[in-house]
Amino acid sequence: MDAKVPTIAVYCASSASLSPEYYEAARQTGRLIAENGAAVVNGGGKMGLMAATSDGALAAGGTVTGVIPKFMTDNGWHHTGLSRLEIVESMHHRKKLMADMATAAIALPGGIGTLEELTEIITWRLLGLFDGNIVILNLGGYYDPLLAMFERAISENFMKADHRGLWAVASTPEEAVRLALAPCNIHKFTQKF
């Protein structure tokens, strides 16, 4: 990726059996990223919301880089029509390279892998290892339980109140892309070890 091009890491489901509105939102997210002159980096999968996001960006003339572990390409799980496919050794390398390439991140609905990616990038922002915007696309209230968990962690002093500033919440793809591409307010969070 060209360092001058904003690049949004999109974390989302690879499941192939989701409600149609999720696929439409993923395609729209990819399209909007491309239409706003930004690039997509994702996990490079050929199914689910991951593929829909890629296809939406590519159809709009955008650039998509997939980052995928070798064992997944060995199993044929990779999207073959991306602008670029980076094959890495492990899931850890995948997440690190995606974060290194990204200037922002959006999390669409997903399962355990998406939750892991989202919470890791939030942690990296807290620790100063990632300095981009992080947006949770809360389609239909999907992430309400996670957001409630964050609030409980704050209320019980597991997290500081200003940690709410580590992420933003959007309810539409348009809002998510706008928030991801907004100037990032670099803030030092109060974390004492």
Side-chain angles (χ1 to χ4, degrees), residues 1-18 20 22-125 129-137 139 173 176-177 179-181 184:
M1 291 281 143
D2 182 340
K4 296 176 181 151
V5 175
T7 301
I8 300 177
V10 180
Y11 304 126
C12 57
S14 60
S15 173
S17 55
L18 303 171
Y22 290 124
Y23 292 106
E24 179 52 35
R27 278 189 291 278
Q28 191 175 12
T29 300
R31 178 181 57 78
L32 289 165
I33 291 169
E35 288 176 353
N36 279 277
V40 171
V41 61
N42 67 19
K46 71 176 184 179
M47 295 178 16
L49 304 188
M50 202 178 303
T53 302
S54 296
D55 293 342
L58 293 167
T63 301
V64 180
T65 298
V67 182
I68 192 165
K70 184 178 183 307
F71 79 89
M72 290 185 174
T73 60
D74 290 346
N75 284 297
W77 299 345
H78 59 292
H79 193 303
T80 59
L82 303 180
S83 310
R84 190 166 115 206
L85 189 67
E86 293 285 337
I87 300 172
V88 295
E89 288 303 311
S90 69
M91 296 294 282
H92 297 293
H93 289 109
R94 177 197 226 181
K95 293 181 295 177
K96 174 76 166 87
L97 183 55
M98 286 176 65
D100 288 347
M101 296 174 79
T103 56
I106 296 175
L108 278 70
I112 196 71
T114 303
L115 292 172
E116 184 221 6
E117 289 169 325
L118 172 59
T119 55
E120 183 168 68
I121 202 72
I122 289 171
T123 302
W124 287 9
R125 184 155 187 224
L129 302 174
F130 181 77
D131 62 4
N133 292 323
I134 300 168
V135 182
I136 299 170
L137 181 44
L139 293 168
V177 173
L179 289 168
L181 293 174
C184 188

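All residue numbers in this chain count up from 1 along the given sequence.
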Using a 4.5 Å cut-off on heavy atoms from C-beta on, say whether the side chain of [Y] contacts that of [X].
X	Y	answer
I33	V10	yes
K95	M98	no
R125	C184	yes
T65	L82	no

Identify the heavy atoms of [X] and [Y] that sit nearest to each other, and give their distance.
X	Y	answer
A60	E35	CB-CG, 4.3 Å
E116	T119	O-OG1, 3.3 Å
L139	A25	CD1-CB, 3.5 Å
L58	S83	CD2-OG, 3.6 Å
F130	A102	CE1-O, 3.6 Å
A105	Y11	CB-CE1, 3.9 Å

Can you measure from [atom1] ([X]) to [atom2] ([Y]) and round to the nearest 0.5 angstrom?
X	Y	atom1	atom2	result
N133	I8	CG	CD1	9.0 Å
R31	N36	CZ	CG	9.5 Å
T123	I134	OG1	CD1	8.5 Å
I68	L85	CD1	CG	6.0 Å
T53	Q28	OG1	CD	11.0 Å
L181	I106	CG	CD1	7.0 Å

With sequence neighbours excluded, what pairs up with [X] under the side-chain hydrogen bond (donor to acceptor under 3.5 Å, both in side chains) test?
X	value
S90	H93
D74	K70
K46	none
D100	K96

Looking at [Y], is its backbone amide N or carbonyl O close enough to the side chain of [X] to form a donor-acceptor pair, meaning the two atoms are under 3.5 Å apart?
X	Y	answer
Y23	A16	yes
S17	S15	no
R94	V67	yes
T103	T7	yes

Would you list the atom pairs, donor with acceptor, under 3.5 Å between side chains in residues 108-115 and any protein atom, with sequence neighbours excluded?
residue, atom, partner, partner atom, Å
T114, OG1, C12, O, 3.3

field: Listed partners of R27 passing salt bridge (charged side-chain N to carboxylate O under 4.0 Å, His left out), at least two apart
entry: E24

